[in-house]
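If you're wondering where the values come from, they're calculated on a predicted model, not measured in any experiment.
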Amino acid sequence: MLISEMVAVLFPHLARVCIDQVFRAGTTVRIRASTGTMEAACPDCGTRSRRRHSHYQRRLSDTAVGGQELLIHLRVHRFFCRNATCVRATFVEQIPGLTVRYGRRSIPAARALRAIALALGGRAGPGLPSACPPQ
């Protein structure tokens, strides 16, 4: 099995990005990734644009791997909106299944956190099963 196939099985939400590097920093596994997006649609008017404004790096917290925190360093592009009547001059590409606007967590991590919060019903940690047996 190729590494790209294994990543697609283990991390299907990362299938649309190019993984440049995977490394460990302390107890955190970090993935450095970028997008190959050449064109994106404006979220307000839907006009597609190929004209890039700039790029920057987002940091997304993701679901744990092997009991270790996973952090994604994702390079995304900002595009100019080509529609002169649109109120948005620039916009940032979003990766379906991975990012949302202003999100600091991946979509799967946000879903997992939401499920835990609903299961606990607003109560703190005592409702969670312990990962370690009592001493």
Side-chain angles (χ1 to χ4, degrees):
M1 179 180 264
L2 295 172
I3 291 177
S4 59
E5 293 172 345
M6 188 168 57
V7 167
V9 169
L10 296 174
F11 305 104
H13 54 287
L14 296 178
R16 295 182 185 212
V17 298
C18 177
I19 297 176
D20 303 322
Q21 185 181 19
V22 178
F23 59 100
R24 199 169 170 179
T27 60
T28 305
V29 174
R30 296 177 185 251
I31 296 176
R32 185 160 288 134
S34 57
T35 65
T37 306
M38 299 303 291
E39 182 179 74
C42 174
D44 285 349
C45 68
T47 302
R48 301 200 63 78
S49 175
R50 300 186 118 227
R51 189 169 166 221
R52 289 185 185 167
H53 177 276
S54 59
H55 60 84
Y56 69 95
Q57 189 176 92
R58 292 180 70 173
R59 282 188 303 194
L60 300 169
S61 177
D62 200 7
T63 53
V65 173
Q68 297 183 351
E69 176 187 23
L70 180 62
L71 191 64
I72 302 169
H73 297 263
L74 179 64
R75 182 180 171 186
V76 293
H77 296 99
R78 179 175 289 282
F79 289 87
F80 286 103
C81 183
R82 295 181 335 161
N83 184 351
T85 61
C86 183
V87 296
R88 186 181 300 266
T90 63
F91 61 92
V92 176
E93 64 180 321
Q94 299 301 323
I95 313 306
L98 179 61
T99 63
V100 293
R101 198 167 163 208
Y102 300 114
R104 294 178 184 232
R105 292 182 187 91
S106 68
I107 292 174
R111 281 189 195 129
L113 189 60
R114 191 175 308 116
I116 291 169
L118 288 172
L120 291 175
R123 296 181 310 275
L128 283 176
S130 176
C132 302
Q135 299 277 338

> side-chain contact (heavy atoms from CB on, under 4.5 Å) between Leu71 and Arg30: does it pass, once the steps are laid out?
Replying inline: CA-CA 5 Å; Leu71 191 64; Arg30 296 177 185 251; 3.2 Å; yes

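- For the pair Thr63 and Ala112, the tightest heavy-atom approach, listed with the atom from each and the gap, is CG2-CB, 4.4 Å.
- Tyr56 and Leu74 fall within the same hydrophobic cluster, where Ile, Leu, Val, Met, Phe, Trp and Tyr residues are linked whenever their side-chain heavy atoms come under 4.5 Å apart, directly or through other members.
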>> Quick one, Arg78 with Thr90, criterion side chain to side chain donor-acceptor pair (under 3.5 Å). Give me CA distance, side-chain angles, the key distance, then yes/no.
In response: CA-CA 7 Å; Arg78 179 175 289 282; Thr90 63; 3.1 Å; yes

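- Note that OG of Ser61 and CD of Glu69 are 5.5 Å apart. Values are rounded to the nearest 0.5 Å.
- A distance of 10.5 Å separates CG in Leu60 from CZ in Arg105, rounded to the nearest 0.5 Å.
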> Would Asp20 and Arg75 satisfy side-chain contact (heavy atoms from CB on, under 4.5 Å), going step by step from the backbone distance to the final call?
Replying inline: CA-CA 10 Å; Asp20 303 322; Arg75 182 180 171 186; over 6 Å; no

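- The same ILVMFWY cluster, assembled from side-chain heavy atoms under 4.5 Å apart, contains both Val22 and Phe11.
- Cluster membership for Val76 and Phe80, using ILVMFWY side-chain heavy atoms within less than 4.5 angstrom, is not shared.
- At a threshold of 4.5 Å between non-hydrogen side-chain atoms, the residues Met38 and Arg50 count as touching.
- Here the shortest heavy-atom pairing between Val9 and Pro12 reads O-CD, 3.8 Å.
- A 4.5 Å side-chain heavy-atom check between Cys45 and Arg88 finds every atom pair outside the cut-off.
- Residues Ile107 and Ile95 do not share a hydrophobic cluster, defined by chaining ILVMFWY side chains whose heavy atoms lie under 4.5 Å apart.
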>> Assess the residue pair Ile72 and Leu98 against the criterion (side-chain contact (heavy atoms from CB on, under 4.5 Å)); give the C-alpha distance rounded to whole Å, side-chain angles, the decisive distance to 0.1 Å, and a yes or no.
In response: CA-CA 10 Å; Ile72 302 169; Leu98 179 61; 4.1 Å; yes

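- Note on ring orientation: taking the six-membered ring where Trp is involved, the planes of Phe91 and Phe79 are parallel (angle under 30°, cut-offs 30° and 60°).
- In plain terms, the two heavy atoms of Arg48 and Glu39 that are nearest each other are NE-OE1, 3.0 Å.
- Interatomic distance, Arg58 CZ to Ser106 OG, rounded to the nearest 0.5 Å: 10.5 Å.
- Interatomic distance, CZ of Arg16 versus CD of Glu93, reported as 12.0 Å (0.5 Å rounding).
- Within the 4.5 Å cutoff, the side chain of Gln57 has heavy atoms near those of the Arg32 side chain.
- More than 12 heavy-atom neighbours from other residues, nucleotides or ligands sit within 6.0 angstrom of CZ on Phe23.
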